[in-house]
Amino acid sequence: MSRRTALRRLAAHEGRWLISLVRWVARQRIGVAPGDLALGYAAAQGALVYGLTFVCVVETVGLSVLLAGLPAVHAVMLVIDVYTVLTILGFQAAAVTRPHVLAADTLWLRDGARREIRIPLERIAAVRYDLRFTKAPEKDGEVVELRVGGQTSVTVELSEPVVAVRLLGQRETVRTVRFHADDARAAVAALRARLTETGGGAATETGRGRATAPETGGAAVRQG
């Protein structure tokens, strides 16, 4: 990928979280059409984000006092500090305003303003509640984890792969997606119900005749 393309994608990312800040204040969600079901996931990271924001605000005030006699330096640091606070809040705003979306024929999974994965319901072989806490990304190239607060709580296995695009444009083939939802069990139930309605995919854990027993090893702490 060229440097110009990377910079363009980063600029687009900046624009998305800035728009999310405005939508957050207006209490609007992005990409949720009438009839779609929004699956929120921002609550798990809320305490961390707001705590970090508070620390940054305190630091901004402290530096303002310390640099009161250096107006030029104070102005530069103030701009940097304010932008840092906006970036942190934008991270949360993007998660709140860009929830996962269960549409009529698609499961649209999003990671704030950074990335998204669209999965046709007909390609879902199995879905289950699967709470995991992980410190490092899954090394299997066909598994994608959209972690929130270091955790995922829903696992979706696909009968056919989909292509996911990372922030800087890298494309990867995905057969298993793990993501977090604030109410994971309700999300699983809603997805299974939608699959039953459409007559595609798998409405139960067994999928299309394929066993999907809880995986062993790793960092799974509870499954259901």
Side-chain angles (χ1 to χ4, degrees), residues 1-24 28-33 36-42 44-45 49 87-88 90-127 130 132 134-182 184 187 191 194-195 198 200-202:
M1 175 186 298
S2 68
R3 181 177 301 178
R4 179 178 299 180
T5 300
L7 290 175
R8 185 170 63 249
R9 295 186 69 89
L10 287 174
H13 172 258
E14 293 284 302
R16 287 193 296 271
W17 69 254
L18 285 170
I19 291 172
S20 295
L21 277 173
V22 177
R23 293 293 189 93
W24 193 25
Q28 297 175 344
R29 294 178 299 188
I30 299 172
V32 183
D36 291 349
L37 177 63
L39 306 174
Y41 56 87
Q45 66 186 24
V49 170
T87 301
I88 296 171
F91 176 75
Q92 179 69 0
V96 172
T97 60
R98 298 171 183 269
H100 305 310
V101 178
L102 178 57
D105 57 0
T106 304
L107 175 61
W108 184 10
L109 301 178
R110 300 193 278 190
D111 185 12
R114 293 180 296 277
R115 66 184 304 192
E116 62 183 43
I117 303 174
R118 292 179 182 265
I119 304 174
L121 295 185
E122 62 184 14
R123 297 193 184 186
I124 296 180
V127 56
D130 183 11
R132 294 169 175 260
T134 58
K135 295 182 179 179
E138 175 66 52
K139 294 182 178 180
D140 186 341
E142 294 188 340
V143 178
V144 168
E145 294 180 337
L146 304 181
R147 294 175 293 164
V148 180
Q151 66 179 321
T152 61
S153 51
V154 180
T155 294
V156 174
E157 297 182 359
L158 308 181
S159 58
E160 298 179 40
V162 297
V163 175
V165 181
R166 292 184 175 273
L167 175 60
L168 295 181
Q170 303 95 323
R171 300 170 69 86
E172 57 188 341
T173 301
V174 179
R175 289 186 177 274
T176 299
V177 181
R178 299 187 184 118
F179 67 95
H180 177 68
D182 293 335
L191 181 52
R194 185 63 57 86
L195 290 170
T198 60

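The residues of the chain are indexed from 1 along the displayed sequence.
The side-chain heavy atoms of R98 and S20, taken from C-beta on, include a pair separated by under 4.5 Å. Between V154 and V177, the closest side-chain pair of non-hydrogen atoms is not below 4.5 Å.
Between L39 atom CG and D182 atom CG the span is 9.5 Å, to the nearest 0.5 Å. Between atom CD of residue E142 and atom OG1 of residue T173 there is a gap of 7.0 Å, rounded to the nearest 0.5 Å. Atoms CG and CH2, from D36 and W108 in turn, are 8.5 Å apart once rounded to the nearest 0.5 Å. Here CG of L102 is found 5.5 Å from CG of L191. Values are rounded to the nearest 0.5 Å. Summarising the geometry, atom OG1 belonging to T87 is positioned 8.5 Å from atom CG belonging to L21; distances are rounded to the nearest 0.5 Å. One distance of note links CZ of R9 with CZ of R166; it measures 12.0 Å at 0.5 Å rounding.
The ring pair (Phe, Tyr, Trp, His ring centres under 6.0 Å) analysis of residues 153-172, with sequence neighbours excluded, yields no pairs.
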Please assess T176 against T155 for the test side-chain contact (heavy atoms from CB on, under 4.5 Å), listing each intermediate value before the final yes or no.
CA-CA 7 Å; T176 299; T155 294; 3.9 Å; yes
Apply the test side-chain contact (heavy atoms from CB on, under 4.5 Å) to residues I124 and R194: give CA-CA distance (whole Å), side-chain angles for both, the deciding distance (0.1 Å), then the verdict.
CA-CA 11 Å; I124 296 180; R194 185 63 57 86; over 6 Å; no
Given side-chain contact (heavy atoms from CB on, under 4.5 Å), test Y41 with Q151 step by step and report yes or no.
CA-CA 11 Å; Y41 56 87; Q151 66 179 321; over 6 Å; no
Could you give me the CA-CA distance, side-chain angles and deciding distance for R29 and R23, then say whether side-chain contact (heavy atoms from CB on, under 4.5 Å) is met?
CA-CA 7 Å; R29 294 178 299 188; R23 293 293 189 93; over 6 Å; no
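Residue-environment remark: CZ (R115) exceeds the threshold of 12 foreign heavy atoms within 6.0 Å.
Nearest heavy atom pair, residue S159 against residue A125, reads N-CB, 3.7 Å. A pairwise comparison of heavy atoms in V101 and R110 identifies CG2-NH2, 3.7 Å as the closest pair. Between R132 and D130 the shortest heavy-atom distance is NE-OD2, 2.9 Å. Contact record, L107 with L121: N-CD2, 3.9 Å, taken as the closest heavy-atom pair. Closest heavy-atom contact between Q45 and A95: NE2-CB, 3.4 Å. Considering every non-hydrogen atom in both T152 and L146, the closest pair reads CG2-O, 4.0 Å.
Counting only distance, with no hydrogens or angles, the side chain of S153 and the backbone of A181 share a donor-acceptor pair below 3.5 Å. Side chain of R114 to backbone of H13: no donor-acceptor contact under 3.5 angstrom is found.
The pair E116-R16 fails the salt-bridge criterion, with no side-chain N (NZ, NE, NH1 or NH2) lying under 4.0 Å from an Asp/Glu carboxylate O.
The ring-ring contact (aromatic ring centres under 6.0 Å, His included) check on H180 picks up nothing, with sequence neighbours excluded.
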